[in-house]
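First comes the structure, then the notes that go with it.
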There are 2 protein chains.
Amino acid sequence: MQKSVSPSQDTETTTARGRGRPRAFDREDALAKATHLFWRKGYEATSISDLTAVMGIGSPSLYAAFGSKEALYMAALGHYQARYEASVWRRFNSAPTAREAVEALLTDSAAALTGSLPDVPNGCMVTLSSVADHADLAELVRAARSVTLERLEARLTRAVAAGEVPASIDIRALARFVQTVQNGMSILARDGAPRVELEAVAQMTMAGWDSRVGADA
Amino acid sequence: MQKSVSPSQDTETTTARGRGRPRAFDREDALAKATHLFWRKGYEATSISDLTAVMGIGSPSLYAAFGSKEALYMAALGHYQARYEASVWRRFNSAPTAREAVEALLTDSAAALTGSLPDVPNGCMVTLSSVADHADLAELVRAARSVTLERLEARLTRAVAAGEVPASIDIRALARFVQTVQNGMSILARDGAPRVELEAVAQMTMAGWDSRVGADA
DNA sequence: GGATTTATATATCGATCGATGCAGAAATCT
DNA sequence: AGATTTCTGCATCGATCGATATATAAATCC
């Protein structure tokens, strides 16, 4: 099912020493610019002309380097996950308790979603992407979205094993709840809600943590 | 700034007795079908061909009846709000306490977003719409989204006045929190989360209500 | 019934969509 | 050096985009 095994096609991670004329642009840099454009405008609304304009290359170069618009979007998603999404999970992964992990996830999400870095669009590229009528992209994006739920469930399961959270708690529902809050923050961020308001949402979420985790519901 | 004052143009609410050849299709029915398509596919991804196909009319009829693709989308948004969105606020508006109002809103949203009615797409058309590069549509949609926040703030303000909620509570933040949960549920619904899971999210949200409203944060 | 008005059906408009063909330029190989 | 390989710039492909011109059909007005 792989696309190709030929050299210097498809993804080409390293700078692969080739034989012919060297590429005149930096692939990672061009991919970063394409990622930002897809992030801001979405898949459908972003045209090849838009992409070549911001990437500073011609369309034949784009197709030679990335294959197609869909393949470029997939590469952009990968770039996004590696470059931006990972930072949101750092403190989550190292937090000693599930409670602190969730609080870190939501707080760091609030910062990341509201453009704490310059030139970064608001909201999550994965959460807000709409690729409904491109089956393969839709599946990829949905898979990316499900990772959040899986990580939350895994962390909460650990917390139950550690005695932090009682076994009577519905892990799945609690993970869904946190995922829902994070998803909702993306929409607020896209609409221009400031960082402090998203952080307040994170605090509101955590303010109810004990009664949720303590109760039987 | 109004488009036109001529008879039988633009929106034409009632069935206005005209002079010439009568319209061969039902305007409301065609609008309902267009609404469902926009709802499922989004603005950009829906073409005039797609629309005329499901509406069962030719493109000249579409333009004569609705003006343009943008105008049709605006009409579809209006149809959506009148036909679907209103039902989600019914119990909210009649609930005796803010707590019951919010619980009703989230519970009824869970049902509405997961297609409790047949032929209805999952998720909220307003929340999930992406019309980034059509300034006028973007403004309209954002305004529609802000209504939720306003209603929540108004209801919570009333609750403070009634003594249900202490005045020390940050009304704005609490309203943002509820809005965030509702927004997030739309994304879960679009990805196929079943109704019971959204209802569990609503329960999780309400499970923390007392400690949120009781605390000072 | 004739004039007027409005809607429909067919065909198509210019613009843009995603994607390539081709010739020349710039590198490595022998 | 010449042969080979790869990338770039220009032009353009067929398809589809949103939107209309034109001619005919179906209603009311007089």
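Numbered from 1 within each chain, the chains take letters A, B, ... in sequence-line order.
- Summary of helix geometry: the two end axes of the helix from C:dG1-D:dC30 to C:dT30-D:dA1, each defined by five base pairs via their C1' atoms, are inclined to each other by 0° (rounded to 10°).
- With sequence neighbours left out, the salt bridge (Lys or Arg N to Asp or Glu O under 4.0 Å) criterion links A:Arg99 to A:Asp210.
- Scored by the side-chain contact (heavy atoms from CB on, under 4.5 Å) test, A:Glu85 finds A:Tyr80, A:Gln81, A:Trp89, A:Val126 as partners (sequence neighbours excluded).
- Evaluation of the side-chain hydrogen bond (donor to acceptor under 3.5 Å, both in side chains) test over residues 184-194 of chain A, restricted to residues two or more places apart or in two chains, returns A:Asp191-B:Arg145.
- The distance between atom CZ of B:Phe66 and atom P of C:dA7, rounded to the nearest whole Å, is 12 Å.
- When the side-chain contact (heavy atoms from CB on, under 4.5 Å) test is applied to A:Arg195, the partners found at least two apart in sequence or on another chain are A:Ala111, A:Thr114, A:Ser116, A:Glu199.
- Against DNA chain D, the stretch residues 31-58 of chain B makes heavy-atom approaches under 4.0 Å through B:Thr46, B:Ser47, B:Ile48, B:Ser49.
- Under the side-chain contact (heavy atoms from CB on, under 4.5 Å) criterion, B:Leu37 pairs with B:Arg40, B:Lys41, B:Thr46, B:Asp50, B:Leu51, B:Val54, sequence neighbours left out.
- Listed pair B:Ser61 / C:dA7 fails the phosphate criterion, with no side-chain N or O lying under 4.0 Å from OP1 or OP2.
- A ring-ring contact (aromatic ring centres under 6.0 Å, His included) check over residues 101-141 of chain B, counting only residues at least two apart or in different chains, returns the pairs B:Tyr43-B:His134.
- Residues passing the side-chain contact (heavy atoms from CB on, under 4.5 Å) test with B:Asp108 are B:Arg91, B:Ala104, sequence neighbours excluded.
- Within 3.5 Å, a donor on the side chain of A:Arg21 pairs with an acceptor on the base of C:dA25, or the reverse.
- When all heavy atoms of B:Leu152 and B:Phe92 are compared, the closest pair comes out as CD2-CE1, 3.9 Å.
- If you measure from atom NZ of A:Lys69 to atom P of C:dA19, you get 8 Å, rounded to the nearest angstrom.
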